Amino acid sequence: MKKDAARATQPGRNEVPRQPKGYSFFQDVYDVVRQVPKGRVTTYGAIANYLGTKLSARMVGWAMNGAHNIKPKVPAHRVVNRNGLLSGKMHFATPTQMQELLEKEKIAVSEEKVVAFESLFWDPVTQLTM
DNA sequence: AGCCTGACTTTGT
DNA sequence: GACAAAGCCAGGC
């Protein structure tokens, strides 16, 4: 990742504020995603990194697999892959829903891709850990 | 208990 | 620059 703008993660980062036992990995993911400000987007890697499992961004996406059943609404539409591509749109009720929601938040989407994604990028590690 | 899968990311050829 | 492979870890079967 050379998109330094996107990754403000320093090597000397502190320990990860993990949730106490009893909390599922999923809960952490949902919690972070819910904290994403409206009009902003984040990536699986950023969330994973925040959770300390940056090496397994898959888990983040995987966790979202159950995001449809959890009670609070999870703005999964604000979560895209590191390319700003709406990779998970197909997992929504409708593939277009994700883009609809993004555009609704003034986030321009072009061909399944977030425009100015890096500008709208919201890194939990940078925003929540400081 | 063990194998498979997965909405990703990075690195190597 | 494009393609291929590996790594990650937790949930599901």
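These numbers come from the heavy atoms of this one structure, side chains and all, not from hydrogens, waters or symmetry mates. Quick caveat: nothing in here was measured; it's all calculated off a predicted structure. In what follows, chains are A, B, ... by sequence order, proteins preceding strands, each numbered from 1.
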Checklist outcome for this item: For A46(A), the side-chain contact (heavy atoms from CB on, under 4.5 Å) test, sequence neighbours excluded, returns T42(A), T43(A), F121(A), D123(A), P124(A)
Checklist entry - Using a cut-off of 4.0 Å on non-hydrogen atoms, how would the nucleic acid contact of N65(A) be classed: base, sugar-phosphate, or nothing? => result base
Checklist outcome for this item: Residues passing the side-chain hydrogen bond (donor to acceptor under 3.5 Å, both in side chains) test with E105(A), sequence neighbours excluded, are H77(A), R78(A)
Next on the checklist: Would Y30(A) and M64(A) count as a side-chain contact (heavy atoms from CB on, under 4.5 Å) here? Give the steps.
Outcome noted: CA-CA 8 Å; Y30(A) 304 146; M64(A) 299 304 285; 4.3 Å; yes
Next on the checklist: What I'd like to find out is whether the side chain of L120(A) reaches to under 4.5 Å of the side chain of V114(A), using heavy atoms alone.
Outcome noted: yes
Checklist outcome for this item: In numerical order, the residues of residues 35-44 of chain A whose heavy atoms come under 4.0 Å of DNA chain C are none
Next on the checklist: Under the criterion side-chain contact (heavy atoms from CB on, under 4.5 Å), I'd like the reasoning laid out for V109(A) against K113(A): C-alpha separation, chi angles, the key distance, then a yes or no.
Outcome noted: CA-CA 5 Å; V109(A) 178; K113(A) 186 178 52 190; 5.7 Å; no
Next on the checklist: Measuring from atom CG of D28(A) to atom CD1 of I47(A), what distance do you get when rounded to the nearest 0.5 angstrom?
Outcome noted: 11.0 Å
Next on the checklist: If I pick the P atom on dC4(B) and the same atom on dA6(C), what distance separates them, to the nearest angstrom?
Outcome noted: 15 Å
Return the polar atom pairs (N/O with N/O) between nucleotides 2-6 of chain C and the protein under 3.5 Å, or none.
none

Checklist entry - Does S87(A) place a side-chain N or O at less than 4.0 Å from the phosphate oxygens OP1/OP2 of dC8(B)? => result yes
Checklist entry - With a non-hydrogen cut-off below 4.0 angstrom, is H68(A) in contact with a base, only sugar-phosphate, or nothing? => result base
Checklist entry - Whole-Å distance between dC8(B) C1' and M90(A) CE? => result 13 Å
Checklist entry - Can you check side-chain contact (heavy atoms from CB on, under 4.5 Å) on V79(A) and V74(A), steps first, answer last? => result CA-CA 10 Å; V79(A) 183; V74(A) 177; over 6 Å; no
Checklist entry - In Å and rounded to the nearest 0.5 Å, what is the CD to NZ distance from E100(A) to K104(A)? => result 9.0 Å
Between the protein and nucleotides 10-13 of chain C, are there any N/O to N/O pairs under 3.5 Å, and if so, what are the atom names and distances?
| residue | atom | partner | partner atom | Å |
| --- | --- | --- | --- | --- |
| dG11(C) | O4' | W62(A) | NE1 | 3.4 |

Next on the checklist: For Y44(A) and S87(A): C-alpha separation, side-chain torsions, deciding distance, then whether side-chain contact (heavy atoms from CB on, under 4.5 Å) applies.
Outcome noted: CA-CA 10 Å; Y44(A) 304 96; S87(A) 50; 3.5 Å; yes
Item to check | Rounded distance (nearest 0.5 Å) linking atom CZ of F25(A) with atom CE of M59(A) | outcome: 7.0 Å
Next on the checklist: At 4.0 Å (heavy atoms only), tell me whether A63(A) reaches a base, stays on the sugar-phosphate, or touches nothing.
Outcome noted: nothing
Checklist entry - With Q35(A), which residues qualify under side-chain contact (heavy atoms from CB on, under 4.5 Å), at least two apart? => result D31(A), W122(A), L128(A)
Next on the checklist: Output the rounded distance in Å from CD1 (I47(A)) to C1' (dC8(C)).
Outcome noted: 16 Å
Checklist entry - When the distance from CZ of R82(A) to P of dT11(B) is rounded to whole Å, what number comes out? => result 11 Å
